[in-house]
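Worksheet: one structure, shown below.
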Amino acid sequence: DEECATTTTMVIVVDEEVTPVFAQLGPYCLDATPGTLPLTSTNGISGKWSPATIATNVAGSFTYTFTPDADEKCATTTTMVIVVDEEVTPVFAQLGPYCLDATPGTLPLTSDNGIKGTWSPATIATNVAGSFTYTFTPDADEECATTTTMVIVVDEEVTPVFAQLGPYCLDATPGTLPLTSDNGIKGTWSPATIATNVAGSFTYTFTPDADEEC
């Protein structure tokens, strides 16, 4: 009874696996607001992520896995590694202290660890004594760099204090001009010694040593 039956064919298709494609997200700075993991890939595959959202509260490299929906035939899972970077604090060599009205150093616009930015105030003032805070703000493109501050001290001038010597009688043996003041400042006198061989009033000048700042 199979007489008159003809042959026939069936075409069966085997599709290639399709890998979901996504634009890379990150890196992010610690505690920054992250982007959203898209639920549809750039090549049109729908699915879900695990974890579902990006966390930036811990620094490191983290893997997020995308699983296609069940009806996305031949679509494979894929992963995205997202990096969260530590905050970077700009580092500077301490400036000062300075003496009142001294010429100060310049606040550098690049930190010792390579971060560029600006200071507020922009220059150091020494016309008033005290402790003053200068704030460094990294440039906008210096990602993950934080603001930092430098406290710069301006010291009051210190006048050397000495017990008064004299008056002396003509040709009397004078006292010795002390090389350290009563308030601890070292230096030298000009003239270096007291002369009593001539009567009159004579001025002796004390100059602090070079390392006796202010």
Side-chain angles (χ1 to χ4, degrees), residues 19-42 47-67 77-159 183-187 208-214:
T19 302
V21 177
F22 296 92
Q24 176 66 48
L25 297 177
Y28 297 105
C29 300
L30 194 67
D31 295 323
T33 301
T36 301
L37 290 163
L39 298 180
T40 302
S41 69
T42 56
K48 59 183 182 296
W49 290 90
S50 179
T53 57
I54 301 169
T56 62
N57 60 320
V58 178
S61 296
F62 303 95
T63 300
Y64 293 78
T65 301
F66 180 80
T67 301
T77 61
T78 192
T79 59
M80 184 186 296
V81 177
I82 297 177
V83 175
V84 179
D85 290 324
E86 292 279 3
E87 287 184 336
V88 180
T89 301
V91 176
F92 295 93
Q94 176 66 47
L95 297 178
Y98 296 107
C99 299
L100 195 66
D101 294 323
T103 301
T106 301
L107 290 163
L109 298 180
T110 301
S111 70
D112 293 347
N113 53 341
I115 299 167
K116 296 180 180 180
T118 55
W119 289 90
S120 180
T123 57
I124 302 168
T126 62
N127 60 319
V128 178
S131 296
F132 303 95
T133 299
Y134 293 79
T135 301
F136 180 81
T137 301
D139 289 343
D141 60 354
E142 293 286 357
E143 296 182 0
C144 301
T146 63
T147 60
T148 193
T149 60
M150 184 186 297
V151 176
I152 297 178
V153 175
V154 179
D155 291 325
E156 293 278 4
E157 286 185 337
V158 181
T159 301
N183 54 342
I185 300 168
K186 296 180 180 180
D209 290 343
D211 60 355
E212 293 284 355
E213 296 182 1
C214 303

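Excluded from the calculations below are hydrogen atoms, water molecules and symmetry mates; all remaining heavy atoms, backbone and side chain alike, are included.
Looking at Glu143, its side chain never comes within 3.5 Å of a backbone N or O of Pro27 through a donor-acceptor pair. Asn113 contributes a side-chain N or O that, together with a main-chain N or O of Thr89, makes up a donor-acceptor pair within less than 3.5 Å. Using modelled atom types, no side-chain atom of Asp155 and backbone atom of Cys99 make a donor-acceptor pair closer than 3.5 Å. Checking side-chain atoms of Thr126 against main-chain N and O of Leu100 turns up no donor-acceptor pair under 3.5 Å.
Heavy-atom minimum distance, Gly114 versus Glu142: O-OE2, 4.1 Å.
Applying the side-chain contact (heavy atoms from CB on, under 4.5 Å) test between Leu95 and each of Thr106, Val151, Leu107 identifies Leu107 as the sole match.
Distance check, rounded to the nearest 0.5 Å: CZ of Phe92 to OG1 of Thr149 gives 10.5 Å. Here the CD1 atom belonging to Ile115 is positioned 10.5 Å from the CG atom belonging to Asp139, to the nearest 0.5 angstrom. Annotation: the span from Lys48 atom NZ to Thr65 atom OG1 amounts to 11.5 Å, rounded to 0.5 Å. The CE atom of Met150 lies 10.0 Å from the CZ atom of Phe136; values are rounded to the nearest 0.5 Å. Distance check: Gln24 CD to Ile82 CD1 gives 6.5 Å after rounding to the nearest 0.5 Å. Rounding to the nearest 0.5 angstrom, the gap separating the CD1 atom in Ile124 from the CH2 atom in Trp119 is 8.5 Å.
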**OP:** Begin from the C-alpha positions of Tyr28 and Val83 and carry the test side-chain contact (heavy atoms from CB on, under 4.5 Å) through to its verdict.
**Re:** CA-CA 6 Å; Tyr28 297 105; Val83 175; over 6 Å; no
**OP:** Apply the test side-chain contact (heavy atoms from CB on, under 4.5 Å) to residues Asn57 and Asp31: give CA-CA distance (whole Å), side-chain angles for both, the deciding distance (0.1 Å), then the verdict.
**Re:** CA-CA 5 Å; Asn57 60 320; Asp31 295 323; 3.9 Å; yes
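Residues Pro138 and Thr146 fail the side-chain proximity criterion, which asks for heavy atoms closer than 4.5 Å.
The distance between the ring centers of Tyr64 and Trp49 does not fall below 6.0 angstrom.
The neighbour count for Glu212 CD, taken as heavy atoms of other residues, nucleotides or ligands under 6.0 Å away, is above 12.
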